[in-house]
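Beneath this line is the structure, given in structure tokens, with notes to follow.
Keep in mind that this is a model prediction, so the values were computed, not measured. Counting convention: from 1, in listed order, for ligands and their atoms alike.
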Amino acid sequence: MTAGTALPFAETLEAVRALVPTKLRNPRIGIVCGSGLSGLAESFRETVLVPYEKLPGFAKSTVPGHKSSLAFGLTGKGEGVSVVAMLGRFHPYEGHAFPTVVYPIRIMARLGVKNIIITNAAGSLNPNIPVGTIVVIQDHLALPNLTCMNPLLGPSTSPEHPRFLPLSDAYSPALRRLLFLSAHHLALDRSALTEGTYAWVGGPTYETPAEGRLLRLAGADVVGMSTVPEVVVAREEGLNIMVMSLVTNFVVIPDRYRSIREEVEAELAGNPIQLEQAQVVSHEEVLEVGREKAELMKKLVESVVERIPTVPELQ
Ligand SMILES: O=P(O)(O)O[C@@H]1C[C@H](O)[C@@H](CO)O1
Ligand SMILES: Nc1nc2[nH]cnc2c(=O)[nH]1
């Protein structure tokens with residue numbers, strides 16, 4: 001789907017109606033599972049999985065660690081809360097146009113979702129935020145949005161949507177409060193969860209040291225290749241949003257570059273030295289940290305979801 005193409009909302013919603021029992025098909029809470037984080041839906045009860053291929057307008061996720069299904073189910077104690085989770089998202093770097101990347105968010109909104117918890121794997125740009133930390137996002141820095149690659153480019157999807165969408169209040173304070181309360185009730189170490197700013201880049205290349213330095217200087221704490229298009233559209237659809245980034249690696253920003261000149265000159269002078277090699281990041285490392293922290297992310301998300309019905313402004 002490209003900007004301006006008619007979106008097949010009616011067909012997708014009809015497919016959901018045909019495949020999901022009434023009790024589960026109008027969830028108030030949506031979850032987007034980031035790289036390696038599909039386990040967030042493992043503890044749902046009465047789960048119904050709907051493969052993306054059965055949903056008109058949905059693409060297939062091609063990234064390892066992303067399954068391609070919507071999971072409808074119940075979570076929490078007693079009767080439970082009805083939720084829907086995206087097991088796998090679409091990234092622009094896979095070749096998907098923006099309307100496709102954000103289509104599942106628009107469908108969640110049309111199913112009745114009011115609150116959305118978006119997760120991702122991200123690289124840390126901040127020396128005070130180590131690998132394994134969960135960062136609740138308070139703001140974002142989206143270079144693509146500033147350079148005419150905004151997911152809302154093109155005709156509006158609905159006349160009810162504002163043409164010029166403010167984003168100064170994109171991240172719900174009420175949801176973020178629930179996250180810190182949950183961390184307290186789960187007796188989480190204070191260092192396990194922090195707040196920060198997410199930089200969205202297109203990928204699929206990881207950052208060069210100079211790019212990492214630029215983003216850090218611009219005020220970002222973590223960087224990733226997803227989430228912001230979903231946030232922008234969720235905001236346009238009027239949802240309350242919380243984003244949790246799991247730090248899976250450090251972005252390499254050396255204080256000093258390895259100098260080949262120094263190495264050659266030392267060798268010619270008869271005192272060979274070898275300066276430190278730059279480290280590199282891999283998607284395998286990203287998935288590994290996701291596996292290690294899956295249980296903690298799941299407990300936090302479950303706890304937030306359970307508390308949402310108790311907060312009037314989130315209804
Ligand atoms: O979908 P997310 O943002 O969790 O995935 C991150 C960004 C890239 O897709 C991938 C890079 O390792 O992980
Ligand atoms: N852009 C980017 N995305 C990531 N996703 C997980 N780690 C990283 C990273 O270091 N950079």
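In terms of modelled atom types and a separation under 3.5 Å, the side chain of Ser156 and the main chain of Pro159 share no donor-acceptor contact. The backbone N or O of Arg17 sits less than 3.5 Å from a side-chain atom of Arg25, completing a donor-acceptor pair.
Residue, atom and distance of the protein heavy atom nearest to atom 3 (N) of ligand 2 are Gly224 CA, 3.4 Å. Protein heavy atom nearest atom 11 (N) of ligand 2, with residue, atom name and distance: Glu207 OE1, 2.7 Å. Val223 O, 3.7 Å is the protein heavy atom nearest to atom 4 (C) of ligand 2. Scanning all protein heavy atoms for the shortest distance to atom 8 (C) of ligand 2 gives Gly123 N, 3.4 Å.
The closest approach between Val251 and ligand 2 falls below 4.0 Å for a heavy atom of the residue.
Note: Tyr171 and His140 have perpendicular aromatic rings, judged against thresholds of 30 and 60 degrees for the angle between ring planes.
At a heavy-atom cutoff of 4.0 Å, ligand 2 is contacted by the backbone of Ala122 but not by its side chain. Contacts between Val201 and ligand 2 below 4.0 angstrom, taking non-hydrogen atoms only, involve the side chain exclusively. Only the side chain of Asn249 comes within 4.0 Å of ligand 2, judged by heavy-atom distances.
Near ligand 1, Gly34, Ser35, His66, Arg89, His91, Tyr93, Asn120, Ala121, Tyr206, Met225, Ser226, His283, Val286 each place a heavy atom less than 4.0 angstrom from the ligand.
Short contacts between ligand 2 and Val286, defined as distances under 4.0 Å to a heavy atom of the residue, involve ligand atoms 6 (C), 7 (N). Close approach of ligand 2 to Ala121 is summarised as follows: ligand atoms under 4.0 Å from at least one heavy atom of the residue are 5 (N), 6 (C). Which parts of ligand 2 touch Thr248 is read off a 4.0 Å heavy-atom cut-off, strictly below it: atoms 6 (C), 7 (N).
For Tyr93 and Thr205, the side-chain atoms include no donor-acceptor pair closer than 3.5 Å. Under 3.5 Å, the side chains of Asn120 and Ser245 contain a donor-acceptor pair of N or O atoms. No side-chain donor from either of Thr75 and Glu302 sits under 3.5 Å from a side-chain acceptor of the other. Using a 3.5 Å distance cut-off with no hydrogens or angles, the side chains of Arg89 and Ser61 do not pair a donor with an acceptor. One side chain, Ser303 or Arg307, offers a donor N or O that lies under 3.5 Å from an acceptor on the other. No side-chain donor-acceptor contact under 3.5 Å links Asn126 and Ser124.
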Verdict with supporting geometry, His91 and His96, side-chain contact (heavy atoms from CB on, under 4.5 Å)
CA-CA 7 Å; His91 307 81; His96 302 303; 5.8 Å; no
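For Lys298, the salt bridge (charged side-chain N to carboxylate O under 4.0 Å, His left out) criterion is met by Glu295, not counting sequence neighbours.
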